[in-house]
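Data block below; observations after.
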Amino acid sequence: MRKIYLHVGLPKTGTSAIQTALYNHRDVLKENGVLYPAIMLKNNPPKHQKLVKAFDQVDFLELKIFLDKNKYETIILSTEGITNHFYDFPSQSFEKFKDAIGGYQLIIVYVVREKESWLRSYYTQAVFNPQSARTHYYGTSLLYRDFIELKRIRYLSNFDQLEKDITNKTKPKELILLNHSRNMLSDFSRALELPELVVGNKKINFSPPEWSVELMRQINSFTEEVDYRIFWKSVIKDITGTNHTIINKRKKRDMQLNGLTLAKQINNITPISNNVFNLDRLNIERIKLFVKKMTDI
């Protein structure tokens, strides 16, 4: 019987590297009877994010039509949005999904990470991400200690319970549980019996330094204006050389920012120890000099 591997995340467990490697190796995978399909695919990174919308709207017609015509023995679908929004989906969406893939065995691939490390990484994403009506803690100004007490975060970080809930809702033939590691791509390839996946020597996401997370959190508390948030992310990118999708999601663009507002934001930046994200006076002075040089404030 044909198989569908559904890689559901968790977010911040090497998902971008896995998705990029699957996409880059799609021709090799095809030669081995495995398809990483273009259906429902969204780029940067190349993941099946539109599948989240299908779960939201309980509409899997596009997926069903594709699967009915598919000639490959194995399909791999990947989006961490399945776990990220798992508790948002209507209950009936899981039954409809099972109906849509009726001719296939479903195998869930679920990746976890040491809890504290995961919480720190997910908090970083929440601070830097654009604000979202759906995900209320994106663009957050909450301190780390308050963020991890949010109901939603407590649900997501209860990995064992989330695994049970996913299994109960999707009724897979099998669930493959992996632990995030430096050899994540090799572990993933081996577990799915794939050719060895690599992304080259370049790291997909070079995490922003901890102090920059606290800087961005403070900026979030000063403004909700998209242009100012983009400006500050570009400052962090330039001053640190950070290469991360949460910094690079929006390219730096020409902006006519109010110099007085920007000066006020700079002057409001204060040293703080945000549990584990420390912003000290030395970095504040460095940031001020850098921004003043950029903007002639």
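Look at K96 and D99 and you find no salt bridge, because none of the NZ, NE, NH1 or NH2 atoms lies under 4.0 Å from a carboxylate O. A salt bridge links E214 with R217: the closest approach of a Lys/Arg side-chain nitrogen to an acidic carboxylate oxygen falls below 4.0 angstrom. Salt-bridge annotation for D160 and K164: absent, with no side-chain N of the basic residue lying under 4.0 Å from a carboxylate O of the acidic one. A salt bridge between E116 and R120 is present, with a side-chain N of the basic residue lying under 4.0 Å from a carboxylate O of the acidic one.
A donor-acceptor pair under 3.5 Å is absent between the side-chain atoms of N274 and the main chain of F277, judged by distance alone. The main-chain N or O of L197 is found under 3.5 Å from a side-chain atom of S189 such that the two form a donor-acceptor pair.
Taking both residues in full, the closest heavy atoms of F89 and I82 are given as CE1-O, 3.7 Å, listed atom of the first, atom of the second, then distance.
Between R154 and N158 there is no side-chain heavy-atom pair separated by less than 4.5 Å.
A donor-acceptor contact closer than 3.5 angstrom is absent between the side chains of N275 and Y123. A donor atom on one side chain and an acceptor atom on the other are not found under 3.5 Å apart for D165 and Y155. Between the side chains of N43 and Y23, no donor N or O sits under 3.5 Å from an acceptor N or O.
Ring planes of Y137 and F147: perpendicular class, angle over 60° (limits at 30 and 60°). Using cut-offs of 30° and 60° for the angle between ring planes, the F188 and H7 rings count as perpendicular. The aromatic rings of F60 and F55 sit perpendicular, their planes meeting at an angle over 60°, well past the 30° parallel limit.
A chain of hydrophobic side-chain contacts below 4.5 Å, direct or via other Ile, Leu, Val, Met, Phe, Trp or Tyr residues, connects I269 to M294.
Of the listed residues (Q19, H48, K47, Q49), just one forms a side-chain hydrogen bond (donor to acceptor under 3.5 Å, both in side chains) with T79, and that residue is Q49.
Residues F222 and Y228 place their aromatic rings such that the two centres sit no closer than 6.0 Å. Note: F86 and F94 meet the aromatic proximity criterion, with ring centroids under 6.0 Å apart.
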